[in-house]
Amino acid sequence: MTTRPEELLRHYHAWERNTDKIEFQWRARLLQSMWRTEQGLEAGEYRGKTRGARLLMPDAQTSLANYLTPTIRQVVREEVEDPVRSKGKLYGRPRIYDNLLSSQPLCFNLFGELTRDLDLATRALSDMTDGRIHRVTAIDFEYSPGRGDDRYTGDRSAFDVYVRYKTTTGGAGFVGIEVKYHEGLDDPVADHRERYDEVAAEMGCFLPEHTQRLQQKPLQQVWRDHLLVGAHRLVDEFEDGFFAFLYPEGNAACASAVDQYNACLSSQDTFQGWTLERLVTCLSSRSSDSWVQAGHDRYLDFSRLS
């Protein structure tokens, strides 16, 4: 493990010795703090301390400076700030405006432009899935087919990003995506529901000897989202559907969880581990738009730290 450069971290107001538990986390915090400085944006505060990976409120909400392009900022206004479109969606405020490390802004910075360019979305996501996604028809954020609806999983789980597509045979498909960046998988375990076991049995892709393992950290969050995919596919009679867990390859906590999760499956047909690096590579191979490079530079160019 690389020794933390305390002096450099303190210079960028990014020294969080107790919060950042794995190497990727302090590196990501430093990278975001450097990006903020380069953009000429003032650091915000949290719990009385200046934090380099936060923006100053309420300016961050007014300017939407956390977002990379005018198009993405417009998508955020439509999806987050419109009371009709955002009804029932759990957007974290003020994190979605001021937190540079939060995965919710990352979702929009990755997929916001694609909502306006479904052809590019199709080309890139077809590459990601070896042609499984034939044609993207819509992209949504913070989507659930039915929060609290017992026909699904009965809880309030939702997909960070939700992509509808047509299959190669013209049928309807979808991918529910969970996006991580700085975060690990250390959230408290939710209460178990009988419905989870029912959906798991219907999906038929879980090894029975790992049932208890799936109900514990760090896998339960992944499992619940995967179950929501299974229930949605069955209840709403989609021809195809799968869950994608999207994370930076350097986030060891997420990479380990994906490996552990795959070991609990008898079939990977409805689960895919995606890395941010691969998605950005697929986008850049299909587009020369500047936002793709800007996204890479902001979130993934860790060579700048050395």
Side-chain angles (χ1 to χ4, degrees), residues 66-69 71-80 82 85-86 88-92 95-96 99 101-129 132-133 135-147 152 156-166 172-183 185 221-222 224-230 232-233 236 238 240-248 251 254 258 270-280 282-283 286-287 291-292 295 298-300:
N66 205 349
Y67 299 95
L68 294 172
T69 71
T71 296
I72 296 170
R73 290 191 281 274
Q74 182 59 32
V75 172
V76 172
R77 291 187 183 97
E78 294 170 2
E79 296 291 335
V80 178
D82 184 301
R85 295 280 287 272
S86 64
K89 297 189 174 186
L90 302 180
Y91 291 117
R95 289 174 58 86
I96 197 164
N99 193 319
L101 289 165
S102 173
S103 59
Q104 282 196 335
L106 173 58
C107 291
F108 285 97
N109 282 328
L110 283 172
F111 292 93
E113 288 276 352
L114 297 182
T115 67
R116 301 294 201 263
D117 190 348
L118 296 182
D119 287 339
L120 174 57
T122 293
R123 293 192 297 270
L125 294 181
S126 179
D127 290 346
M128 286 288 290
T129 60
R132 181 172 182 173
I133 292 177
R135 179 166 60 86
V136 173
T137 58
I139 299 174
D140 200 358
F141 301 90
E142 193 57 29
Y143 175 84
S144 172
R147 290 185 190 272
Y152 300 102
R156 296 186 62 77
S157 295
F159 306 122
D160 292 333
V161 181
Y162 179 75
V163 179
R164 286 183 177 265
Y165 62 87
K166 291 295 184 181
F174 72 94
V175 51
I177 307 173
E178 174 76 12
V179 180
K180 297 293 186 186
Y181 183 60
H182 173 271
E183 307 95 331
L185 286 161
Q221 182 184 347
V222 182
R224 288 169 57 206
D225 286 337
H226 191 189
L227 292 176
L228 184 58
V229 161
H232 185 27
R233 182 173 175 175
D236 298 308
F238 281 86
D240 193 25
F242 64 97
F243 174 55
F245 186 82
L246 177 62
Y247 65 98
N251 188 326
C254 289
V258 167
T270 57
F271 175 77
Q272 293 188 9
W274 289 358
T275 66
L276 290 177
E277 287 81 359
R278 182 162 174 250
L279 177 58
V280 170
C282 288
L283 286 167
R286 293 291 190 167
S287 173
W291 70 268
V292 179
R298 173 173 167 180
Y299 290 105
L300 298 173

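Positions are given from 1, in the same order as the sequence printed here. Both backbone and side-chain heavy atoms feed into the values below; hydrogens, waters and symmetry mates do not.
Annotation: the span from R286 atom CZ to D127 atom CG amounts to 4.0 Å, rounded to 0.5 Å. Atoms CZ and CD1, on F141 and I96 in that order, are 9.5 Å from each other to the nearest 0.5 Å. Taking CZ of R77 as the start and CD1 of I72 as the end, the distance is 12.0 Å to the nearest 0.5 Å. Rounded to the nearest 0.5 angstrom, C282 SG and L125 CG are separated by 8.0 Å. How far CG of D160 is from OH of Y143: 14.5 Å, rounded to the nearest 0.5 Å. The OG atom of S144 lies 8.5 Å from the CZ atom of R156; values are rounded to the nearest 0.5 Å.
Residues passing the side chain to side chain contact (heavy atoms under 4.5 Å, CB included) test with A121, sequence neighbours excluded: L114, V136, I139. Looking at residues two or more places apart in sequence or on another chain, you find no side-chain hydrogen bond (donor to acceptor under 3.5 Å, both in side chains) involving T137. By the salt bridge (Lys or Arg N to Asp or Glu O under 4.0 Å) test, R85 is found to be paired with E79, residues two or more places apart in sequence or in another chain being considered. Applying the salt bridge (Lys or Arg N to Asp or Glu O under 4.0 Å) criterion to D240, with sequence neighbours excluded, gives R132, R233. Residues satisfying the side-chain hydrogen bond (donor to acceptor under 3.5 Å, both in side chains) criterion with K166, sequence neighbours excluded, are absent altogether. Under the rule for a side-chain hydrogen bond (donor to acceptor under 3.5 Å, both in side chains), N99 has no partner lying at least two apart in sequence or in another chain.
When each of L110, T275, V161 is tested with L246 by the rule side chain to side chain contact (heavy atoms under 4.5 Å, CB included), just one qualifies, namely L110.
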Next item on the list: Take F271 and F245 through the side chain to side chain contact (heavy atoms under 4.5 Å, CB included) test and state the conclusion after the steps.
Entry: CA-CA 8 Å; F271 175 77; F245 186 82; 4.1 Å; yes

Next item on the list: Report the C-alpha distance between T129 and Q272 in whole Å, list the side-chain angles of each, state the deciding distance to 0.1 Å, and finish with yes or no for side chain to side chain donor-acceptor pair (under 3.5 Å).
Entry: CA-CA 9 Å; T129 60; Q272 293 188 9; over 6 Å; no

Item checked: Audit row: E183, N251, side chain to side chain contact (heavy atoms under 4.5 Å, CB included) steps and yes/no -> CA-CA 8 Å; E183 307 95 331; N251 188 326; 5.8 Å; no

Margin query: Walk me through whether H182 and Y299 qualify under side chain to side chain donor-acceptor pair (under 3.5 Å).
Written below: CA-CA 10 Å; H182 173 271; Y299 290 105; over 6 Å; no

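In this structure the side chain of L106 never reaches within 4.5 angstrom of the side chain of F111, judged on heavy atoms. P145 is listed as a side-chain neighbour of L228, based on a closest heavy-atom distance under 4.5 Å. Side-chain contact between I133 and F242 is present, with at least one heavy-atom pair separated by less than 4.5 Å.
Around atom CZ of R73, more than 12 heavy atoms belonging to other residues, nucleotides or ligands sit under 6.0 Å away.
Residues Y181 and L101 approach most closely at CD2-O, 3.8 Å, considering heavy atoms. For the pair V80 and F108, the tightest heavy-atom approach, listed with the atom from each and the gap, is CG2-CZ, 3.8 Å. Here the closest non-hydrogen pair linking D225 and S157 is OD1-CB, 4.0 Å. The two residues G273 and V258 have their closest heavy-atom pair at CA-CG1, 4.2 Å. For the residue pair Y67 and N109, the shortest heavy atom distance occurs at CA-OD1, 3.3 Å. Summarising the geometry of E113 relative to T69, their closest heavy-atom pair is OE2-OG1, 2.7 Å, with the distance given to 0.1 Å.
Ring pair F159/F243 is tilted by interplanar angle, where 30° to 60° counts as tilted. Taking the six-membered ring where the residue is Trp, Y152 and H232 present perpendicular rings, their angle passing 60° and hence far from 30°.
We find that R147 and E142 are joined by a salt bridge, their nearest charged nitrogen and carboxylate oxygen being less than 4.0 Å apart. Ionic pairing of K89 and D140 is present here: one or more N-O contacts between side-chain nitrogen and carboxylate oxygen are shorter than 4.0 angstrom.
Judged by distance alone, with hydrogens and angles left aside, the side-chain atoms of R278 form a donor-acceptor pair with the main-chain N or O of M128 at under 3.5 Å. Of the possible donor and acceptor atoms, none in the side chain of E178 sits under 3.5 Å from a partner among the backbone N and O of A244.
Between F174 and F238, the gap from one ring centroid to the other is short of 6.0 Å.
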